[in-house]
**Q** 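Structure in structure tokens, see below.
Each ligand, and each atom within it, is numbered from 1 in the order the structure gives. Everything numeric here is computed off the predicted structure, so don't read it as measured data.
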Amino acid sequence: MSYTLYYLPAASSFSVHIMLAEAGAEYKAIAVQRGKAGLETPEGNHLSQVNPKGTAPALIHNGTLRTEAAVIGRYLAAQFPDKLYFPQEGEEMWEALELSNYLSTDLHKTHTPLFEGLGHIAEAKEKTFERLDRTYTYLNNVLEGKKYLLGDKISILDFYLFNVMLWADMVDYDLSKFPNLIAFQKTVRERPSVAQALKEEGLA
Ligand SMILES: N[C@@H](CCC(=O)N[C@@H](CS)C(=O)NCC(=O)O)C(=O)O
């Protein structure tokens with residue numbers, strides 16, 4: 001019944017790592033690293049032998065592979081409904097689904113050119129930062145008057161947002177102009193699950 005998570009330290013797999021800790025799940029977290037031909041397991045095998053997409057996160061549960069950070073979050077919320085919140089019906093569910101998609105696409109994937117070394121091309125960096133400005137402005141507004149993205153109750157979306165916000169320093173993007181996001185980051189960082197995942201990924 002235990003879970004095996006293949007993660008790249010600080011990458012989008014971090015949100016899954018937090019969720020496993022938050023749920024109190026029994027899990028094994030295996031760090032992969034960047035090799036010549038992509039991500040590699042500690043044995044030196046290409047991660048595509050585990051996940052044909054070759055990307056992290058990859059989660060194995062009951063012999064089944066789950067991929068896609070946002071979907072793995074939903075999967076874990078279904079397994080641990082008392083510990084991991086994602087609304088199941090009504091307007092709140094549609095709002096949460098929109099946000100989930102927004103985090104995966106407009107926020108998460110906007111960083112890819114920067115991680116792929118295009119940050120040194122001034123125009124690419126400027127355009128990417130403009131997009132991040134728009135995306136983070138929207139999310140900062142969503143958080144206005146709220147503790148978490150969906151209100152007072154922390155949800156799996158918050159772990160994903162917290163995860164991606166860790167990348168701001170890595171790509172030299174300044175988040176300090178977004179006070180709601182900064183307050184949110186501080187609140188989420190205080191959770192024991194976050195401390196546990198940071199420690200296990202060698203980030204604390
Ligand atoms: N669509 C996937 C994307 C996963 C993804 O791009 N993971 C990155 C780390 S954040 C990765 O594995 N990059 C390594 C590579 O592409 O070689 C998801 O949402 O989980």
Side-chain angles (χ1 to χ4, degrees), residues 3-23 25 27-61 64-79 84 86 96-119 124-125 128-129 131-132 135-136 138-139 149 155-173 175 185 188 194 197-198 200-204:
Y3 297 79
T4 301
L5 170 67
Y6 289 84
Y7 73 93
L8 179 67
S12 54
S13 38
F14 188 65
S15 60
V16 177
H17 202 158
I18 299 173
M19 287 179 224
L20 289 166
E22 184 81 23
Y27 67 90
K28 186 160 91 173
I30 299 177
V32 299
Q33 58 187 8
R34 287 191 192 281
K36 281 199 187 102
L39 300 185
E40 288 176 356
T41 65
E43 296 77 31
N45 298 321
H46 198 276
L47 183 61
S48 61
Q49 289 182 16
V50 177
N51 171 13
K53 293 172 180 166
T55 52
L59 185 76
I60 312 283
H61 180 224
T64 299
L65 167 70
R66 295 257 86 90
T67 63
E68 303 298 311
V71 177
I72 296 175
R74 299 277 303 285
Y75 180 76
L76 291 174
Q79 304 279 319
L84 297 170
F86 190 88
L97 285 170
E98 283 181 18
L99 276 167
S100 175
N101 212 57
Y102 193 66
L103 294 176
S104 299
T105 55
D106 295 65
L107 185 63
H108 173 168
K109 278 298 170 183
T110 292
H111 290 76
T112 303
L114 301 173
F115 285 131
E116 289 180 345
L118 296 182
K125 186 172 179 178
T128 306
F129 274 25
R131 183 170 283 279
L132 285 180
T135 309
Y136 273 127
Y138 176 76
L139 292 166
L149 287 169
S155 74
I156 58 170
L157 300 176
D158 299 303
F159 299 124
Y160 199 178
L161 173 57
F162 177 85
N163 180 168
V164 177
M165 285 176 69
L166 290 178
W167 303 343
D169 280 349
M170 298 179 199
V171 300
D172 201 22
Y173 179 79
L175 277 173
Q185 188 176 42
V188 177
V194 172
L198 282 169
E200 288 175 2
E201 295 205 6
L203 302 170

**Q** To the nearest 0.1 Å, how far is atom 10 (S) of ligand 1 from its closest protein heavy atom, and which atom is that?
**A** Ser12 OG, 3.1 Å
**Q** Using a strict 4.0 Å cut-off to heavy atoms of Ala11, name the atoms of ligand 1 that fall inside it.
**A** 9 (C), 10 (S)
**Q** At what distance is the nearest protein heavy atom to atom 1 (N) of ligand 1, and which residue and atom is it?
**A** Glu68 OE1, 2.7 Å
**Q** Does only the side chain of His108 get under 4.0 Å from ligand 1, or the backbone, or both, or neither? Count heavy atoms.
**A** side chain
**Q** Would you mind checking if Glu68 and Lys53 are paired as a salt bridge, meaning a charged N to carboxylate O distance below 4.0 Å?
**A** yes
**Q** If we only consider heavy atoms of Lys109, is any one of them less than 4.0 Å away from an atom in ligand 1?
**A** yes
**Q** Could you tell me whether a side-chain N or O of Glu201 sits under 3.5 Å from a main-chain N or O of Ala10, the two making a donor and an acceptor?
**A** yes
**Q** Do any N/O atoms on Gly54 end up under 3.5 angstrom from N/O atoms on ligand 1?
**A** no
**Q** For the side chain of Asn51 and the backbone of Ser48, is there at least one donor-acceptor N/O pair under 3.5 Å apart?
**A** no
**Q** For Ala11, does its backbone N or O pair with a side-chain atom of Asn163 as donor and acceptor, under 3.5 Å?
**A** yes
**Q** Are the side chain of Ser13 and the backbone of Pro9 linked by a donor-acceptor contact shorter than 3.5 Å?
**A** no
**Q** Using a 3.5 Å distance criterion without hydrogens, assess whether the side chain of His111 forms a donor-acceptor pair with backbone atoms of Leu107.
**A** yes
**Q** Nearest to atom 20 (O) of ligand 1, what protein heavy atom do you find, and at what distance?
**A** Ala69 N, 2.9 Å
**Q** For ligand 1, is there an N or O atom under 3.5 Å from any N or O atom of Arg34?
**A** no
**Q** Atom 13 (N) of ligand 1: which of Leu103, Thr105, Asn51, Leu39 has the nearest heavy atom?
**A** Leu39
**Q** Report the relative orientation of the aromatic rings in Tyr75 and His61; use parallel for angles under 30°, tilted for 30 to 60°, perpendicular for over 60°.
**A** perpendicular
**Q** Given Gly35, Pro57, Ala56, which one has a non-hydrogen atom that is nearest to atom 12 (O) of ligand 1?
**A** Ala56
**Q** Please state which protein non-hydrogen atom is closest to atom 16 (O) of ligand 1 and give its distance, to 0.1 Å?
**A** Thr55 CG2, 3.8 Å
**Q** Evaluate side-chain hydrogen bond (donor to acceptor under 3.5 Å, both in side chains) for Gln79 paired with Tyr3, printing each intermediate quantity in order.
**A** CA-CA 11 Å; Gln79 304 279 319; Tyr3 297 79; 3.2 Å; yes
